[in-house]
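To keep things clear, I will list the structure first and then write my remarks on it.
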Amino acid sequence: MQSYGVRLAEPKAGADSRRGGAGPSDHKAMTIDGMTVMVPVHTAPAFDSPYLVEKPDAFGRSVIRRDGLALGEVSFPLQPKFYGLTTADGIPYSKIAVLHGRDVLATTVLQSCIRYQSRTKTCQFCAIGQSLAAGRTIERKTPAQLAEVAKAAVELDGVKHMVMTTGTPPGRDRGAALLAESAAAVKAAVDLPIQVQCEPPDDDAWFGRLRTAGADALGMHLEAVTEPVRHRIMPGKAQVSVERYFEAFAAAVPVFGRGQVSTYILAGLGDSREDILATCERLVGLGVYPFVVPFVPISGTPLESHPTPTPAFMHAILGPLSGMLVASGLKAIDAKAGCAKCGACSALSTYERRACS
Ligand code: SF4
């Protein structure tokens, strides 16, 4: 389903879907067999998907079919209560942070990026400017706003952890300073595990500062693992080499702990199965969790017509990778916060559970 997407007979079912924004998008959260997953619904491939979710019944449950054959039931997480609140200065909480998956509060602290200014530099999969242009978010979320929303999301909706990502600002810390002040403010307001996500900062001392500020986990996202693919797909971000990422991973793991540093790898951008698995092996050796997700093209980006990886390609990666993770003791379930813990954008944690049994 994550490769093909799904068609919705009732497009407004459940909580709002995500459109635009940083990272993977154009998804909708669905709960299937007790597992909440993010499934593409607004992408070009989703319109031709063999999967169809029927109109929900009075209890919000829908039947999902593949080529007409009923496969089971899906439900949609309800719109969170904190979406109904606004800050004292009149900003809706939903423009400051949103619900991901079932119980993750996610925010893009800075909704602009030095890499996004020009098409020659931008990451071709990224839509960080689209939700800003559409007025669905604000550019800069202050620490006080984030603290206020996080407290409400915990108290009203029971969110369990928080993801703070950022566009890359000018400056050598790559957004680490913004993330540190944001994490400190949230931690002062509410007891909520936090993952921060940024490019490797210039100075590894930032890892200690982020940890001291209250970040429990760190994501530094390679996205693509080989230099030719990185330079083709994300020419700006590829100026930071894979080797610099590995140096940063090696410095960050002793600070955050094994399995609390992770990286997002988008399968389907051109890296081979062998390249992805070889990189994962190196990452796992360092204690870094490689969160491999199927690439999903976002409408309005240069890659909007790029094909999604086939289920067979994902299976050929996630099968061996889950075995590697289980053997090394790095498991999604042990992550304190963040995408690895949430797992909704990939079937990897399901493969892990299968590898354990
Ligand atoms: S895996 Fe990460 S990006 Fe995907 S829904 Fe969960 S928190 Fe959001």
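All ligand and atom numbering here is 1-based and tracks the order in the structure. These numbers come from the heavy atoms of this one structure, side chains and all, not from hydrogens, waters or symmetry mates.
Proximity to Phe291 (heavy-atom distance under 4.0 Å) selects the following atoms of ligand 1: 1 (S). Against a heavy-atom cut-off of under 4.0 Å, Met38 is close to the following atoms of ligand 1: 5 (S). Of all atoms in ligand 1, listed by their number and element, those nearer than 4.0 Å to a heavy atom of Cys342 are 1 (S), 5 (S), 6 (Fe), 7 (S). Atoms of ligand 1 lying under 4.0 Å from any heavy atom of Tyr264, numbered from 1 in the order shown and given with element: 3 (S), 4 (Fe).
Between Phe256 and Phe207, the two ring planes are perpendicular [angle over 60°; tilted spans 30° to 60°]. The aromatic rings of Phe291 and Tyr264 stand perpendicular to each other, their planes meeting at an angle above 60°, with 30° marking the opposite boundary. Ring geometry, Tyr93 versus Phe82: the interplanar angle falls from 30° to 60°, so the pair is classed tilted.
For Gln197, the side chain to side chain donor-acceptor pair (under 3.5 Å) criterion is met by Thr165, Gln195, not counting sequence neighbours. Listed by chain and residue number, Asp57 satisfy the salt bridge (charged side-chain N to carboxylate O under 4.0 Å, His left out) test with Arg61 (two or more places apart in sequence, or in another chain).
Of the charged side-chain nitrogens involved, at least one lies within less than 4.0 Å of a carboxylate oxygen, so that Asp204 and Arg244 count as a salt-bridged pair.
Here the shortest heavy-atom distance to atom 4 (Fe) of ligand 1, taken over Gly101, Cys345, Ala337, belongs to Cys345. Here atom 7 (S) of ligand 1 lies nearest to His100 when heavy atoms of Gln197, Arg102, His100 are compared.
Checking Cys339 against atom 2 (Fe) of ligand 1, an N/O/S atom falls under the 2.8 Å cut-off.
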